[in-house]
Amino acid sequence: MDNDRYNPAEIENKWQQEWARRGLHETDLQDDKRPKYYNLVMFPYPSGDKLHLGHWYNYAPADSFGRYMRMMGHNVFEPMGFDSFGLPAENYAIKTGVHPAASTAKNVEYMRMQLRKMGTMYDWDKEIVTSEPDYYKWTQWIFLQLYKKGLAYRKKAPLNWCGGCMTVLANEQVQEGHCERCNSEVEQKEMAQWFFKITDYTEQLLDHSELDWPEKTILMQKNWIGRSEGIDISYEVEGIEDKITCFTTRPDTNFGATFIVVAPESEFVKRNKANFIDLVKIEDYIARSNKKTELERIAEGGKKTGVDTGLKAINNLTGAKLPIFVSDFVLANVGTGCVVGVPGHDIRDFEFALAKGLEIIRVVIGKDGDKSKITRPEQVQEDAGIMINSEFLDGMEIMKAKEAIMDHLEKKGWGKRVVNYRLRDWLISRQRYWGAPIPIVFCDECGEVPVEEAELPVMLPDVKDYKPKGKSPLETNEAFVNVKCPKCGGEAKREVDTLDTFVCSSWYYFRYVCSEMKDKPFSNAMADKWLPVDMYIGGPEHACMHLLYARFIHKVMHDLGYTKHKEPFKKLVHQGLITKDGAKMSKSKGNTVSPDEFVENYGADVFRMYLMFMGPFTDGGDWNDKGITGTARFADKFWKLILTVNEPENEAQAETLLHKTIKKVSDDISKMQFNTCISALMEYTNNAQKIGLNEGHKKSVIKLIAPIAPHLAEELWHRLGEKECVFNEEWPTYDKELIVEDTVEIAVQVNGKVRGSLVIEADASKEKVLKAAKEILNVAKHLSEGALKKEIYVAGKIVNFVVL
RNA sequence: GCCGAGGUGGCGGAAUUGGUAGACGCGCUGGACUUAAAAUCCAGUUUGGUUUACUCCAAGUGCGGGUUCGAUUCCCGCCCUCGGCACCA
């Protein structure tokens with residue numbers, strides 16, 4: 001046997017097989033007495049890329065953390081699966097001409113092999129593949145539960161349409177006007193589609209109090225949900241019966257209102273067309289703005305357009321007449337789709353007033369006084385302004401005025417306090433082939449009828465041509481489409497759209513712990529025992545998609561009584577993003593890096609250590625492989641240290657070195673600071689090489705390296721004569737007494753500049769330290785340059801003499 | 001525009017509550033071993049000066065101020081990079 005070098009090719013494969021043979025990673029979900037620890041990573045979706053570098057960067061450290069928790073005495077559950085429905089798999093199938101069922105199966109198989117080579121402790125017995133009928137059966141079942149609760153509904157509404165993917169998209173999947181998947185520009189279309197009523201859960205979703213999540217992520221969800229408190233104010237309109245209602249968060253400025261603007265698509269416009277002064281002009285304007293995409297509207301920026309309706313609303317407060325305009329800078333789905341214009345204090349209203357030559361009134365002054373010339377709108381912060389020109393509000397602070405005016409408006413019956421949200425219902429239907437069919441049939445007699453639960457799954461049918469055409473390809477399979485109505489038995493047609501894959505992935509963590517149940521989706525006993533997920537690791541890009549959807553579905557399942565837990569993921573950590581030459585890796589840019597060749601050349605342990613050593617786990621960084629030789633050398637050095645270095649001359653010194661390392665490694669790994677954890681092990685290796693280590697030290701340090709280099713550790717552990725797996729060992733503990741050094745090095749400063757240092761017993765008195773400090777030649781030289789004013793001594797660290 | 005995170009050697013990065021800036025690693029330079037190379041080992045490596053002396057001095061954590069005996073760390077004002085949201089009333 002070679003004692004010089006760590007030979008991964010032979011050793012890693014051996015232990016992967018041996019671990020599987022011994023069932024080391026099978027978690028007993030039922031009876032294990034140890035405290036449970038559910039350690040989860042976001043499961044991958046199969047595509048042509050297979051597992052790339054980013055997956056390794058996510059999964060390998062997460063697995064190291066799981067192994068550490070196991071050695072800390074937990075019953076760790078680390079499952080893995082594949083989010084195999086959806087666009088990446090389908091697009092790959094279309095590109096290669098291989099049916100998605102076949103290509104997905106092949107990619108999944110390849111990815112399983114990659115995950116095994118990583119040396120992860122996944123419990124493959126509980127694997128989930130979301131495109132398998134035994135999984136999507138329950139995805140459909142969840143749809144039916146929401147349907148029965150009135151939380152799933154079909155409605156005609158203006159939607160985001162991606163011409164590239166030929167399907168509708170949820171708001172969450174539109175990024176800066178482009179499709180999240182294919183980057184095509186998104187258009188608006190009006191269509192009948194399926195939604196989940198996530199807006200029923202806005203307040204619950206805003207409550208993150210039970211969660212140990214990054215602040216950033218919580219903030220992103222809060223911003224996405226976008227809660228704003230305000231008031232709906234209703235105005236009489238001259239000459240007609242209808243009233244106009246405007247939502248505002250700044251009713252304090254209402255004395256400064258000089259006009260009203262309504263969205264082209266707003267209900268007010270639809271109701272009152274007959275009363276408009278120039279309907280032709282308005283219809284023309286509406287037609288033109290309908291043609292614009294959201295992007296075009298945004299691109300126009302400050303350029304405000306609009307048409308006067310000729311109607312005038314009466315400001316309840318002042319009796320002033322407010323002309324009503326139609327303009328596309330107002331969005332129909334925000335608030336009431338009607339906005340009261342206060343050009344003195346809102347940039348958009350100001351721009352509109354300038355374009356239309358409307359009056360501008362100032363009603364708030366900043367604390368620095370009045371600016372009589374109104375050349376720009378002044379958006380005064382809510383905590384820094386005083387009301388003027390506003391009758392009974394004059395002199396009040398803004399916040400106080402806001403409450404006063406809302407009380408006044410409500411008392412008079414002119415307004416009603418409301419809370420407005422940015423979040424819209426989740427659009428879940430897709431006009432694509434590779435997804436779970438929606439279990440609904442349409443009957444001429446009975447209308448929309450849910451499929452009986454006993455009939456699930458509604459199998460995804462085979463179709464010849466699964467390419468997207470703007471209508472679901474399922475439509476072409478007549479045997480699938482034409483069915484009997486479950487209610488009346490008459491002729492009926494199936495819903496042909498499929499579910500958004502985010503529906504599949506919104507409950508997989510729940511299924512893992514219930515995956516042993518074949519005849520039902522959930523088990524309360526298992527859910528209560530194993531949820532919530534203790535540690536969830538994945539990318540931050542899911543903050544307002546998967547992580548929001550999963551919380552929503554979980555809360556519905558909670559309300560339906562399937563779990564006592566209110567949240568799915570207790571602790572959340574985002575790994576950083578790995579870029580290549582500063583850009584996000586993607587196949588289209590051709591800058592992806594495959595992990596396979598590195599595993600081939602250096603072994604999984606060296607590669608995973610390098611990924612962890614690159615920098616902080618949560619930071620990510622730009623990929624280059626230059627430093628990998630460093631961790632490869634370290635693996636060899638560690639190997640040699642264990643197999644060739646002998647007893648220390650100074651036992652106490654070796655003991656102290658070990659215990660300091662145990663402390664550092666334990667602290668770092670528990671905080672996921674893998675980079676400094678590895679450097680501590682490197683330091684230990686360098687030092688121990690010089691001073692020596694005994695058998696006990698070797699065993700301890702093997703345990704320390706085990707989570708981060710599992711194969712290397714297991715092999716060395718057995719070479720020292722052990723028969724059990726090192727991962728069944730307990731994590732080493734350190735002795736506080738032993739890590740305290742007898743002597744300390746103290747820096748000596750004069751006027752804050754280091755002029756020398758001294759090594760002295762740790763328990764030396766202040767007097768003794770100061771005396772010794774003054775005797776240092778260079779220190780004495782600087783002290784002689786003036787009179788000693790002050791002596792500062794921080795025990796064990798620093799001395800500073802202040803000299804004038 | 002708004003919200004959030006961050007700027008440290010040639011490079012990745014490290015620095016308990018303010019207490020010796022640059023740990024660990026890469027790269028580079030010199031040396032040992034070798035016929036030679038690789039591998040390995042040893043020494044050096046912030047910049048600029050300076051000394052018989054690894055001696056000492058000065059500057060230095062994006063820029064400019066401030067607080068402090070002492071600031072990468074705290075405060076104020078800028079610049080830049082990245083992430084999110086964006087005509088949300």
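Values in this document were obtained by computation on a predicted structure and should not be read as measured data.
When the nucleotides B:rA89, B:rG27, B:rA86 are ranked by their closest atom to the side chain of A:Arg422, B:rA86 comes out on top. Considering only side-chain atoms of A:Thr249, the nucleotide from B:rG70, B:rA89, B:rU40 that sits closest is B:rA89. With B:rU40, B:rC85, B:rA89 as the choices, the nucleotide that has an atom nearest any side-chain atom of A:Arg5 turns out to be B:rU40. The side chain of A:Val334 lies closest to B:rA89, out of B:rA89, B:rC24, B:rG13. Residue A:Thr676 places its side chain closer to B:rA14 than to any other of B:rA14, B:rA89, B:rG27. Among the nucleotides B:rU20, B:rG4, B:rC24, the one closest to any side-chain atom of A:Leu219 is B:rG4. Side-chain proximity of A:Lys797 to B:rU17, B:rG4, B:rC87: nearest is B:rU17. The side chain of A:Val339 has B:rA89 as its nearest neighbour among B:rA89, B:rG13, B:rC87.
If you check every strand for non-hydrogen atoms under 4.0 Å, A:Thr631 touches nothing. Backbone-only contact: A:Lys637 has heavy atoms under 4.0 Å from sugar-phosphate atoms and none from a base. Nucleic acid contact for A:Lys626: sugar-phosphate only, since backbone atoms but no base atoms lie under 4.0 Å from a heavy atom of the residue. Using a 4.0 Å heavy-atom distance criterion, A:Asp622 is classed as making no nucleic acid contact. Residue A:Glu745 is classed as a base contact, given a heavy-atom separation below 4.0 Å to a base. Nucleic acid contact class of A:Pro540 (heavy atoms, under 4.0 Å, all strands): none. At a threshold of 4.0 angstrom between heavy atoms, the contacts of A:Glu541 with the nucleic acid are absent. Nucleic acid contact for A:Ile792: base, since at least one base atom lies under 4.0 Å from a heavy atom of the residue.
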For this session: Using a 4.0 Å heavy-atom cut-off, write out nucleotides 45-55 of chain B from 5' to 3' as B (base contacted by protein), S (sugar-phosphate only) or - (no contact).
Result: -----------
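The shortest heavy-atom contact between A:Ser266 and A:Gly337 is CB-O, 3.9 Å.
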For this session: Under the side chain to side chain contact (heavy atoms under 4.5 Å, CB included) rule, what do A:Met614 and A:Phe674 come out as? Steps first, then yes or no, please.
Result: CA-CA 9 Å; A:Met614 275 171 63; A:Phe674 304 107; over 6 Å; no
Exercise. Could you go step by step and tell me if A:Thr631 and A:Tyr602 meet the side-chain hydrogen bond (donor to acceptor under 3.5 Å, both in side chains) rule?
Worked result: CA-CA 9 Å; A:Thr631 44; A:Tyr602 296 93; over 6 Å; no
For this session: Start with the C-alpha gap between A:Asn160 and A:Asn171, add the side-chain angles, then the distance that decides, and say whether side-chain hydrogen bond (donor to acceptor under 3.5 Å, both in side chains) holds.
Result: CA-CA 7 Å; A:Asn160 307 301; A:Asn171 287 340; 2.9 Å; yes
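Side-chain contact annotation: A:Tyr235 with A:Thr245, donor-acceptor N/O pair under 3.5 Å absent.
Ring centroid separation for the pair A:Phe352 and A:Phe259 comes in under the 6.0 Å cut-off.
Rounded to the nearest Å, the gap between the P atom of B:rU81 and that of B:rG27 is 32 Å. Nucleotides B:rC24 and B:rG30 are separated by 23 Å at their P atoms, to the nearest Å. For the C1' atom pair drawn from B:rG12 and B:rG65, the interatomic distance equals 33 Å after rounding to whole Å. Of the P atoms belonging to B:rG48 and B:rG60, the separation is 16 Å, rounded to the nearest Å. Taking the C1' atoms as reference points, B:rU73 lies 14 Å from B:rU67, given to the whole Å.
A cation-pi arrangement, defined by a distance under 6.0 Å to the six-membered ring centre and an angle within 45 degrees of its axis, is absent between A:Lys766 and A:Tyr793. Seen from the ring of A:Trp224, A:Arg424 does not count as a face-on cation partner, given the 6.0 Å and 45° thresholds.
By the 4.0 Å N-to-carboxylate-O rule, A:Lys356 lies too far from A:Glu351 to be salt-bridged with it. With salt bridges taken as basic N to acidic carboxylate O contacts below 4.0 Å, one links A:Arg417 and A:Glu403. The existence of a salt bridge linking A:Lys640 and A:Asp636 is excluded, since no basic side-chain nitrogen approaches an acidic carboxylate oxygen closer than 4.0 Å. Ion pairing between a basic and an acidic side chain is recognised when a charged N comes within 4.0 Å of a carboxylate O; A:Lys664 and A:Asp668 show such pairing. Ion pairing between A:Glu775 and A:Lys771 holds under the 4.0 Å rule for side-chain N and carboxylate O.
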Using atom names, set out every protein N or O paired with an N or O of nucleotides 56-59 of chain B below 3.5 Å, distance rounded to 0.1 Å.
{"residue": "B:rC57", "atom": "OP1", "partner": "A:Arg755", "partner atom": "NH1", "Å": "2.9"}
{"residue": "B:rC57", "atom": "OP1", "partner": "A:His782", "partner atom": "NE2", "Å": "3.0"}
{"residue": "B:rA58", "atom": "OP2", "partner": "A:Arg755", "partner atom": "NH1", "Å": "3.1"}
{"residue": "B:rA59", "atom": "OP2", "partner": "A:Lys753", "partner atom": "NZ", "Å": "3.4"}

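Taking side-chain N and O atoms only, A:Arg348 has a distance below 4.0 Å to OP1 or OP2 of B:rC88. Residue A:Lys790 has a polar side-chain atom (N or O) positioned under 4.0 Å from OP1 or OP2 of B:rC69. Residue A:Asn686 places at least one side-chain N or O under 4.0 Å from the OP1 or OP2 atom of B:rG25. Look at A:Arg633 and you'll find a side-chain N or O under 4.0 angstrom from OP1 or OP2 of B:rU40. Distances shown here put every side-chain N or O of A:Asn624 at or beyond 4.0 Å from the OP1 or OP2 atom of B:rC26.
In terms of position on RNA chain B, the residue among A:Glu172 and A:Gly756 whose nearest nucleotide sits closer to the 5' end is A:Gly756. Nearest-nucleotide mapping onto RNA chain B: of A:Val794 and A:Asn800, the residue sitting toward the 5' end is A:Val794.
Considering SG of A:Cys677 and CG of A:Leu704, their distance stands at 8.0 Å, rounded to 0.5 Å.
With its glycosidic angle more than 90° from 0, B:rG13 is assigned anti.
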Exercise. Which dot-bracket string fits RNA chain B when only Watson-Crick or G-U wobble pairs with both atom distances under 3.5 Å count, crossing pairs get [ ], and | stands for a partner on a different strand?
Worked result: (((((((..(((......[....)))((((((.......))))))((((......))))..(((((..]....))))))))))))....
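With hydrogens and angles ignored, a donor-acceptor pair under 3.5 angstrom links the side chain of A:Lys304 to the base of B:rC87.
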